[in-house]
2 protein chains.
Amino acid sequence: MSGEDNLLKLVEAEEADGQDYLLQEQVGFILRKAHQRHVSIFAARIGDLTPPQFAALAKLRDVGETSQNQLGTLIAMDAATVKGVIDRLKARGLVELSRHEVDKRRLLVNLTTEGRDAIERLIPLAREITQETLAPLTNKEITTFMRLLAKLA
Amino acid sequence: MSGEDNLLKLVEAEEADGQDYLLQEQVGFILRKAHQRHVSIFAARIGDLTPPQFAALAKLRDVGETSQNQLGTLIAMDAATVKGVIDRLKARGLVELSRHEVDKRRLLVNLTTEGRDAIERLIPLAREITQETLAPLTNKEITTFMRLLAKLA
DNA sequence: TTGATATCATTTGCATACGAATGAATTTCC
DNA sequence: GGAAATTCATTCGTATGCAAATGATATCAA
């Protein structure tokens, strides 16, 4: 190898910040793929409801009637997004809306009887979805992974 | 507590499969939040390009000219999604399109000079984005987390 | 060689997802 | 009490993300 070659490599090593950047090893890229896989598993088991719609119903089951914005906070959706989700659940008769008596800005959301039936019926399927999503890991790995994932979220 | 109360609890315990289902502990929900956080970090550091757009450019830098579909496979996007991403990159002059000479179905995608400059310039920022996303973890935790996440994706 | 299949790309429709702007109602604070 | 700031909801625009249908081209197989 010539002296010029060595110099070239040196210059490259100094300048080429992106020389060994591998997209497929970046956490964001893999996170996106893992999420994709989960959504796909979800769709295979619960075809007529999306994960965000399920999340809204499940959280309403936990907390009972709440404002649309508050529900959005609880399920990590901004106001614009949660509105669309609730609109579609309302169109299907799974939630009902009403105005807060005192604070007239607030739009209260609650499960209908049908919505409550639906979420109770779906929760066992949701458990299976969680299991299938985590199936590539051992029980010990699952514990570790969930602990670290929670730190990132 | 009356006998009726005990009977009621028993019936509830038998029927209520979803009694202790906690949305905020489900892997899908936390995965979605972790992904959201990453996208938010990305947007703060690279405001004028989305993660999918960045992924397309970074992968084109790796593999050079490819068909649109093939690029989609490499960055985990279906045909409909990758089309939109490439259209927007083309509108900004970061990629150029051409027809495959032999197989006239294929739409070849390649970086323009401007696109190559952009991705080289952005890769150092992307490294910082990865770092910031993983900042809540120690180095050892990062190694573990990436190994397990890869298994799920 | 040609008929069946498969592949590549496009389009449409629907569902998140979020920033920014807007309007209505409430709270804060002087 | 009233102006300023905040909160709640809506709307608009843009960008994924995917299923399904369609059209063009290529490949395979009888």
Side-chain angles (χ1 to χ4, degrees), chain A residues 28-29 31-44 46-57 65-92 94 97-109, chain B residues 28-29 31-44 46-57 65-92 94 97-109:
Chain A
F29 184 73
L31 220 37
R32 174 169 150 273
K33 288 214 297 178
H35 182 249
Q36 272 178 5
R37 173 170 166 271
H38 166 75
V39 171
S40 166
I41 291 170
F42 190 103
I46 300 183
D48 66 339
L49 219 57
T50 65
Q53 288 166 5
F54 175 88
L57 296 183
E65 188 174 60
T66 356
S67 75
Q68 194 176 260
N69 257 18
Q70 176 61 17
L71 180 60
T73 300
L74 293 173
I75 58 179
M77 278 176 221
D78 77 355
T81 300
V82 79
K83 184 189 189 321
V85 173
I86 294 303
D87 279 354
R88 284 180 282 277
L89 291 176
K90 174 178 154 59
R92 294 178 52 176
L94 300 178
L97 305 179
S98 59
R99 281 287 160 189
H100 191 285
E101 302 243 327
V102 176
D103 187 342
K104 295 182 204 161
R105 293 170 306 177
R106 296 190 205 174
L107 186 64
L108 297 176
V109 189
Chain B
F29 183 74
L31 221 36
R32 174 170 150 275
K33 287 213 299 176
H35 182 248
Q36 271 178 6
R37 174 169 165 272
H38 167 74
V39 172
S40 165
I41 291 170
F42 190 103
I46 300 183
D48 66 341
L49 220 57
T50 65
Q53 289 166 4
F54 175 87
L57 295 184
E65 188 174 60
T66 357
S67 74
Q68 194 175 260
N69 258 17
Q70 175 61 18
L71 180 60
T73 300
L74 294 172
I75 58 180
M77 278 176 219
D78 79 355
T81 302
V82 79
K83 184 189 188 323
V85 173
I86 294 302
D87 279 354
R88 284 180 282 277
L89 291 175
K90 174 178 154 57
R92 295 178 50 176
L94 300 177
L97 305 179
S98 59
R99 281 286 161 189
H100 192 284
E101 302 242 327
V102 177
D103 187 342
K104 296 181 204 164
R105 294 171 306 180
R106 297 190 206 173
L107 186 64
L108 297 176
V109 190

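These figures come from a predicted structure and were not determined experimentally.
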Check for a donor-acceptor pair, side chain of A/R32 on one end and backbone N or O of B/P51 on the other, with a separation under 3.5 Å.
no

To the nearest angstrom, the CG-P distance between A/N69 and C/dT26 comes to 15 Å

Using whole Å, report how far CD1 of B/I86 lies from C1' of D/dT16.
13 Å

Sugar-phosphate only, base, or nothing, as touched by B/V109 at under 4.0 Å among non-hydrogen atoms:
nothing

Can you check whether B/Q36 has a side-chain N or O nearer than 4.0 Å to OP1 or OP2 of C/dT16?
no

Can you tell me how far CD of B/Q68 sits from OG1 of B/T73, rounded to the nearest 0.5 angstrom?
11.0 Å

Using heavy atoms to find the nearest nucleotide of DNA chain D for A/A79 and B/H35 separately, return the residue whose nucleotide is more 5′.
A/A79

Assign each of A/L108 and A/R32 the nucleotide of DNA chain D bearing its closest heavy atom; nearer the 5' end lies the nucleotide of A/L108

Between C/dT10 atom C1' and B/Q68 atom CD, what is the distance in whole Å?
9 Å

Please verify the inter-ring angle class for A/F42 with A/F54; under 30° counts as parallel, over 60° as perpendicular, anything in between as tilted.
perpendicular

Indicate whether OP1 or OP2 belonging to C/dC8 is found under 4.0 Å from a side-chain N or O atom of B/R99.
no

Starting from C1' on C/dT7, measure out to CG on B/L107 and report it in whole angstrom.
14 Å

Distance from B/E65 atom CD to B/Q70 atom CD, nearest 0.5 Å?
12.5 Å

Between A/E101 and A/V85, which is nearer to the 5' end of DNA chain C once each is assigned its nearest nucleotide?
A/V85

Donor-acceptor contact below 3.5 Å, side chain A/R99 vs main chain A/L108
no

Starting the side chain at C-beta, find the nucleotide from C/dA17, C/dA25, D/dT16 nearest to B/P52.
D/dT16

Could you give the CG-to-C1' distance, from A/D78 to D/dG13, as a whole number of Å?
14 Å

Without decimals, in angstroms, what is the distance between A/L71 CG and D/dC8 P?
13 Å

Measuring from the side chain of A/K104 (C-beta onward, heavy atoms only), which nucleotide among C/dT26, C/dT16, D/dA19 has the closest atom?
C/dT26

May I ask you to evaluate whether A/T50 reaches the phosphate of C/dT16, defined as a side-chain N or O under 4.0 Å from OP1 or OP2?
yes

Are any of A/Q70's side-chain N or O atoms less than 4.0 Å away from OP1 or OP2 of D/dT7?
no

C/dA17 C1' sits how many Å from B/L31 CG, rounded?
16 Å

Is the closest side-chain heavy-atom distance between B/I75 and B/V85 below 4.5 Å?
no

In terms of the nearest nucleotide of DNA chain C, which residue is placed more toward the 5' end: B/D103 or B/V39?
B/D103

Which nucleotide in the set D/dG17, C/dA9, C/dT11 lies at the smallest distance from any side-chain heavy atom of B/R106?
C/dA9

Polar pair under 3.5 Å, donor/acceptor by atom type, side chain A/R105, base C/dT26
no

Classify the nucleic acid contact of B/S40 as base, sugar-phosphate or nothing, counting any heavy atom under 4.0 Å across all strands shown.
nothing

Can you tell me the distance, in whole Å, between the CG atom of A/D87 and the C1' atom of C/dA17?
15 Å

